[in-house]
Amino acid sequence: MASLPPAGSGSGSGSDSGEDGPSELVLASQSPRSLPRRASLRRPELRAALALEEAGELQEAARVLEHTGEHAQAALLRMEHARTVPDVGERIDVLREGCARNPGDTEEGRALHLELGRALLDRAIEEPDPSRRRALELEAARGFEEADEGGQAGELYERLGLLDRAARAYERAGEIVKLELVLEVLERHEQAEAEVVRIEAEVDRALEDGRRRQAHVLLLEHAATRERLGTSSRPGLARRLAALEAARPRPSRIELQWNGRVTTISGHPRFLIGRAPDAHLTVPGARLSRHHVELSVDATDPDGPRLMAVDLGSKVGTFWDGEPLEPGEPVPLQTAGELGLGASATVDVVPLRGHEGEPCGALLRSGQRPAWHLFLPQGGPLVLAPEVRVPARVLFDRGWVVLDLRSGVLADLHRHRLPAGAVVELLVGDRLSLVGVPLALEVLS
């Protein structure tokens, strides 16, 4: 695998940090913001966020705040950071990550979703491909809905032909005149055969390009419209919807086969190791506890997130490079090493850092098995083995497992060439090959 950069090293346009020290990061504006500075700053995670904010690390400060539920302030930091990014594509990526982690239930959260909607519309104006332009407009409409801007969302949905969604958006916004006009159209007209053919072609194109969320929305909209009119969905579209829903992997776990090897990716907030079948990494051993030890990414340290291990009260103990862990006491894992489970089992652990050098998870492997497990509680770089780092990141976004290829990276999905830097909502059975790299990924489950 000489053509792939090793885990922990930079690749593409990023600058990942290795394990010898943190990356050099470009400091953002250090203008004062309104991070909570009351007595609640006694909470170590808020002190950590404040330290990162004052150092100009706005993305990292936002992630710490999101980890602790301070979504309103995190949204402000996300927006401030996005406005410092000159490239519109990168700015959209920053806003997408923030919106995936920040619900629109606060004024600041709604402002974040509104910012994403406007950026997507700006991008859509310059997009020459009609199908991709439609996908951007659809995503923008969802952003406007989250921002409680139902009028703008309704107009977009109406322009896209998604009349049921337009009606719901107008109703929530109190746009009575527009709502009545849309309802009149819905009551008078059933979709014509040509429209059904168009939807089938658009769904097939979206599925082929990896835009499965867009295909899913189109299919659900068709089914809802037909149900409202008292008729059944067209058989071809109903079959596509059933097949799509059956092929969606579990929302926080996916298994990838690559070049004859297998890596399992977990997006759960905590990674359980033990002999129980429901552990994320099952290690055989009669004397081991069912849930023996747990890994997590702790955001409470003032210096930033850390990968931590906690012995869960095991009978035979847990050891990190030979040193025993006190039950219930978190221990940081900063370099690659070995977790000992009693005297009979071991787990190799390789801590991982994300694009900006922050700890984001780990690679793990039972000493008795060849397969690796990738623990990414909030998403992060796709690392299949210590020596195999893919120029992409994995996100767990509202029920979808998303593969986000790095800008400029080309790939084939089922032998269909994707645009550079594509975003693919993965399905079981997908086979994706990187162009110019001897690597093929297949989604097993």
Side-chain angles (χ1 to χ4, degrees), residues 1-7 11-14 16 89 93 96-97 100 129 131-132 135 139 203-216 240 243-267 352 354-355 361 363 371-376 379-445:
M1 307 302 294
S3 55
L4 286 172
S11 65
S13 60
D16 299 349
D93 285 343
R96 274 182 179 142
E97 181 181 355
D129 183 274
S131 180
R132 295 186 185 120
E139 188 180 356
V203 166
D204 290 344
R205 176 69 182 278
L207 290 171
E208 187 179 50
D209 283 350
R211 293 177 280 108
R212 279 58 183 272
R213 198 195 307 258
Q214 180 187 358
H216 194 240
R240 287 170 173 83
L244 178 57
E245 292 184 335
R248 289 178 65 174
R250 282 170 282 184
S252 55
R253 181 186 180 278
I254 195 165
E255 192 175 49
L256 294 181
Q257 180 172 281
W258 54 278
N259 296 6
R261 301 168 66 180
V262 174
T263 298
T264 302
I265 306 171
S266 172
L352 297 177
H355 178 67
L363 271 174
W372 287 95
H373 289 253
L374 177 57
F375 169 48
L376 293 174
L382 178 55
V383 184
L384 301 173
E387 74 281 6
V388 183
R389 190 178 191 118
V390 181
R393 60 178 178 166
V394 177
L395 299 174
F396 299 93
D397 184 8
R398 290 167 286 186
W400 293 92
V401 181
V402 182
L403 183 67
D404 184 4
L405 295 173
R406 185 165 296 167
S407 177
V409 174
L410 290 171
D412 293 333
L413 180 61
H414 300 295
R415 299 184 180 180
H416 168 70
R417 180 62 49 85
L418 300 175
V423 176
V424 179
E425 288 100 13
L426 295 172
L427 298 177
V428 174
D430 275 348
R431 184 174 177 82
L432 189 140
S433 302
L434 297 185
V435 175
V437 176
L439 178 67
L441 304 174
E442 184 175 355
V443 181
L444 299 182
S445 65

Grab the two heavy atoms, one from [X] and one from [Y], that are nearest each other, plus how far apart they are.
{"X": "T263", "Y": "V383", "value": "CG2-O, 4.4 Å"}
{"X": "A392", "Y": "L403", "value": "CB-CD1, 3.8 Å"}
{"X": "I265", "Y": "F396", "value": "CG2-CZ, 3.9 Å"}
{"X": "L432", "Y": "A411", "value": "CD2-CB, 3.8 Å"}
{"X": "S131", "Y": "Q214", "value": "O-NE2, 4.0 Å"}
{"X": "P251", "Y": "V401", "value": "O-CG2, 3.8 Å"}

Find the distance between CG (L426) and CZ (R248) and round it off to the nearest 0.5 Å.
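Rounded to the nearest 0.5 Å, the CG-CZ separation comes to 12.0 Å.
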Enter the distance from L441:CG to L434:CG here, rounded to the nearest 0.5 Å.
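Going from the CG atom of L441 to the CG atom of L434 covers 6.0 Å.
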Are R415 and D412 close enough for a salt bridge, meaning some N to O gap below 4.0 Å?
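Result for this pair is no, no salt bridge flagged.
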Going by side-chain contact (heavy atoms from CB on, under 4.5 Å), L374 matches just one of L256, I254, L352. Which one?
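Of the listed options, the one satisfying the test is L352.
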Quick one: which residue pairs count as a ring pair (Phe, Tyr, Trp, His ring centres under 6.0 Å) with a foot in residues 417-445, not counting sequence neighbours?
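Non-adjacent pairs meeting ring pair (Phe, Tyr, Trp, His ring centres under 6.0 Å): zero.
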Quick one: salt bridge (charged side-chain N to carboxylate O under 4.0 Å, His left out) partners of R431, sequence neighbours excluded?
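With neighbours one apart ignored, the set is E442.
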Results of salt bridge (charged side-chain N to carboxylate O under 4.0 Å, His left out) for R132 - residues two or more places apart only
D209
For E425, run the salt bridge (Lys or Arg N to Asp or Glu O under 4.0 Å) check against R213, R212, R211 and tell me which one passes.
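Passing option: R213.
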No-hydrogen, no-angle side-chain donor-acceptor test under 3.5 Å, E245 and H216
yes
